[in-house]
Amino acid sequence: MNCSNTVGAVASRYAFLLQQLCSPRQTPLSAYLARTVHAHAVASGFNLRGPILNRLIDIYCKSGRLRHARLLFDEIPHPDIVARTTMVTAYSATGNVNLAREVFGGTPKGMRDTVFYNAMITAHSHDNDGNAAIRLFCEMQRDGFRPDNFTFTSVISAVGLVAESEKHCQQLHCVVVKSGTGFVTSVLNALVSAYVKVALSPLVALPKSVMGSARLLFDEMPVKDELSWTTMITGYVKNDDLDEARELFDGMEEKLVVAWNAMISGYVHRGLLQEAFKMFKKMYLSGVQFDEFTYTSIISACANASFLLLGRQIHAYILISGPKPKPGLHLPVNNALLTLYSKCAKLDDARLVFNKMRVKDLVSWNAMLSSYVNSGRMNEAKEIFQEMPEKNLLTWAVMIAGLAQNGLGEESLKLFNLMKLQGFQPCDYAFAGAITSCAALGSLKSGRQLHSQLIRLGFECSLSAGNALITMYGRCGVVGDARNLFLTMSVVDSVSWNAMIAALGQHGHGVQAVELFEEMLKEGILPDRITFLTVLSACSHAGLVEEGHRYFDAMHDIYGITPGEDHYARMVDLLCRAGKFSDANDMIGKMPFQPGPQIWEAFLAGCRNHGNMELGIQAAERLFEMIPQNDGTYILLSNMYAAKGLWDNVSRVRKLMRDQGVKKEPACSWVEAENKFHVFMVDDTAHPEVNAVYSYLKQLVLEMRKLGYVPDTRFVLHDMESDQKEHAISTHSEKLAVAFGLLKLPRGATVRVFKNLRICGDCHNAIKYISKVVGREIVVRDGKRFHHFKDGECSCRNYW
DNA sequence: ATAGGGTTAG
């Protein structure tokens, strides 16, 4: 650009500055220079002319001062086509298509040229508006402008966005050939890239054949540059054909960073982490500089493979790598690091990265949110959720599922409704969270409603929602519904099988649970450690000692799963319930690690059931050492003494508990009736209809006594007069909830009662009699297990 | 004054 005349005219001391200004290199200083010159010109009343004006506009645009550029542009009486093109390009690059259109439309046709049209076509293409780009392409030809290389590359890059784009690609290919640009590498590159985009469209029936067209074009290109190779390679990666991509990649002479990145990200995406790491190493050895995209992919690989150490090393490498490319400031890199630490359960490191980030997006917030949720720190999760500047479907889903899994079912359901109120259509993942809450709360009614909503929305084939529904039906006491769903689901995975086996096991159908497990094996589904936990629980619930032993051995010997403490605890539970204490002791002795609380809790519970005082006390002592704040130990021990009438010992345990400052979790039971939950505490006086419940219970007890019911006052924990004991026992929360359910639910309907702690032995016996007196089915869930009472019997074995 | 390739969170 020659501007020596103007230089002299403005002011000689600006000569150097203006020369700098006119150099085509854009530096951070350019914007400052532009402002200085501009201000000086205004102050001295000098009219800047043509090329200098355009240069100023260009600099303002490129340094993000769009408003300055526009002001200058508006001041010019007759902006030439170059100035107009610069404005259109600047608006397009900043996502202001409407403003670009305005400048374009305000330009008379006589003034336009091909470059101007090209800029506008590019603007539409950046705006993902393929149709507008094509329309303008046709319009310019009608107006007599011949498309050039630039026109073709722009319009071709836009057709990938249009529904009938395969046709368009072919048509454009013809036009290109006729126009004589059929040998131009940049045009052909664009065409290859367009075919790749088309192949990715879900509307295309045969993506492979479209990729074939792209490949043919690539193979027949007269001159290929690195971009041609890279386009073809990334095309294959995007279309999930890593083998083809790799073959081309290996044949490439000068491998661009982008090609390396595409290969690595492809492997990570496919879960081929070993390959990704190998590639990364090769890239390092080849001397190609990593960039932000390399780091994001390889950190993500570390996160998925739980390679915390390598991830940390790369993090360090990023921090010390020179100031030129600043990957440490790149948002996706930081998001990947955040995910790495989150997945490796390094919450503090994740928080550190999060706090240091100057710019955060939804991804960052969601990643931080899920790391709190996954580690069960719901208070911090709630804080993050509140603070977030915006939320998306995933945010809601993660929070709803997180509350559900951490025992905050009611809050979770509230949030699910709030989500809908705020105009979000819940995805299947959010549904799964809400359904999990219904499972925990025992809200069969809401669960069923959610199920029908899912069907209406067409989500019924969703695995996560389906699996949640199986669990929900199981945990709400309707195993039949769980089974029906399981049988009709079009796709199931190991989680579905696990959920179904668990449902059967929890309801005491141990034999059926084991049969289903065998069926799972026959179908060729690999059991995981959860499957074995579930199966062992089912065996224990149903007293299947031999089967339990067999599966425990098979887990390790056949399926190569090392039993954890939880698996050993299930075995101890199974053996103790069956009264085989010496076998249980042998099992503990064989463990490759020190027995933890889970083991001794199972042991203590077994001792309590069988009245094995000596071993029970030993187990309790271990637990006092390990988890002194756990109320369960004190309760079990004190129950055990109470059952034998050793009241002195009972009060010693209670005193110990007081001295240690341990509080018993208050027992409560609830029942769903008349569209809401009714919660009862022991000796409840808070519920509005409690008087009716007490008088109905009194009536029931008279009938029950006729059939032989005798209150079992061993389950009263305090030493008191026997009639007081009887009163204490008759007001247990589960009895109140059962009576209330019988009063309120429709005639003949099954009463489903839920209790947070384990059911008391007398209540267990009493409810058997109640079921006989009223001739109705009563289901009680205490913790995780179910008791089905019918005709004076209970389905469970070995429970008391 | 204008064009063509890559990345992230459940």
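Quick note on labels: first sequence line is chain A, next is B, and so on, each numbered from 1.
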* Value in whole Å for how far the C1' atom of B:dT2 lies from CE of A:M140 -> 11 Å
* Asked: Looking across every strand, which nucleic acid part, if any, lies under 4.0 Å from A:K238 by heavy atom: base, sugar-phosphate, or nothing?
  -> sugar-phosphate
* Does the distance from a Lys or Arg side-chain N to an Asp or Glu carboxylate O, for A:R215 and A:E244, drop under 4.0 Å? -> yes
* **Whole angstrom value for the distance that separates C1' of B:dA3 from CG of A:D113** => 15 Å
* Is the number of heavy atoms from other residues, nucleotides or ligands within 6.0 Å of CZ (A:R101) greater than 12? -> no
* Asked: Roughly how many Å is it from NZ in A:K255 to P in B:dG6, rounded to a whole number?
  -> 19 Å
* Nearest-nucleotide pick for A:N392, side chain only, options being B:dT2, B:dG10, B:dA9 -> B:dA9
* **Base B:dA1 to side chain A:T85, donor-acceptor N/O within 3.5 Å cut-off** => yes
* To do: Measure up the A:Y284 and A:F290 rings against each other and bin them: parallel (under 30°), tilted (30 to 60°), perpendicular (over 60°).
  => parallel
* Given B:dA9, B:dG4, B:dA1, which nucleotide is nearest the side-chain atoms of A:N189? -> B:dG4
* Structure fact -> Quick note, A:S300 side chain, CB onward, closest among B:dG5, B:dG6, B:dA9 is B:dA9
* Asked: Can you check the A:L227 CG to B:dG4 C1' distance for me, whole Å?
  -> 6 Å
* So what does A:D428 touch, heavy atoms closer than 4.0 Å: a base, only the sugar-phosphate, or nothing? -> nothing
* A:Y341 has an atom OH; how far is it from atom C1' of B:dA9, in whole Å? -> 17 Å
* Asked: Which nucleotide, B:dG5, B:dG10, B:dA3, lies nearest any side-chain atom of A:T122?
  -> B:dA3
* **Among B:dA9, B:dG5, B:dT7, the nucleotide that comes nearest once only the side chain of A:L394 is considered** => B:dA9
* Structure fact -> Closest to the side chain of A:K343, out of B:dG4, B:dG10, B:dT2, is B:dG10
* **Among A:F431, A:Y429, A:F424, A:W396, ring-ring contact (aromatic ring centres under 6.0 Å, His included) partner for A:F416** => A:F431
* Report yes if at least one side-chain N or O of A:S193 is closer than 4.0 Å to OP1 or OP2 of B:dG5; otherwise report no. => yes
* Reckon A:D148 touches a base, only the sugar-phosphate, or nothing at all at heavy-atom distances under 4.0 Å? -> nothing
* Could you state the atom-to-atom distance from CG of A:L338 to C1' of B:dA9 in whole Å? => 8 Å
* Structure fact -> Considering only heavy side-chain atoms of A:N366, the closest of B:dA9, B:dT7, B:dG4 is B:dA9
* **Side chain of A:A190 - closest among B:dG4, B:dA3, B:dG6** => B:dG4
* Asked: When all nucleic acid strands are considered with a 4.0 Å heavy-atom cut-off, which category describes A:S186: base, sugar-phosphate, or nothing?
  -> base
* **Whole-Å distance separating the CG atom of A:L340 from the P atom of B:dT8** => 15 Å
* **Closest nucleotide among B:dA9, B:dT8, B:dG4 to the A:S157 side chain** => B:dG4
* Return the stacking result for B:dT7 and A:F293: yes when the ring centres lie under 5.5 Å apart and the planes under 30°, no otherwise. => no
* Structure fact -> Considering only heavy side-chain atoms of A:T89, the closest of B:dG5, B:dT2, B:dG10 is B:dT2
* To do: Take atom NZ of A:K420 as the centre, draw a 6.0 Å sphere, and report whether it contains more than 12 heavy atoms from other residues, nucleotides or ligands.
  => yes
* To do: Classify the nucleic acid contact of A:L256 as base, sugar-phosphate or nothing, counting any heavy atom under 4.0 Å across all strands shown.
  => base
* Verify the ring-centre separation between A:F137 and A:Y117: is it less than 6.0 angstrom? => no
* Indicate whether OP1 or OP2 belonging to B:dT7 is found under 4.0 Å from a side-chain N or O atom of A:H269. => no
* **Heavy-atom donor-acceptor pair, A:N96 side chain to A:L99 backbone, under 3.5 Å** => no
* To do: Calculate the interatomic distance between A:L362 atom CG and B:dT8 atom C1'; express it in whole Å.
  => 12 Å
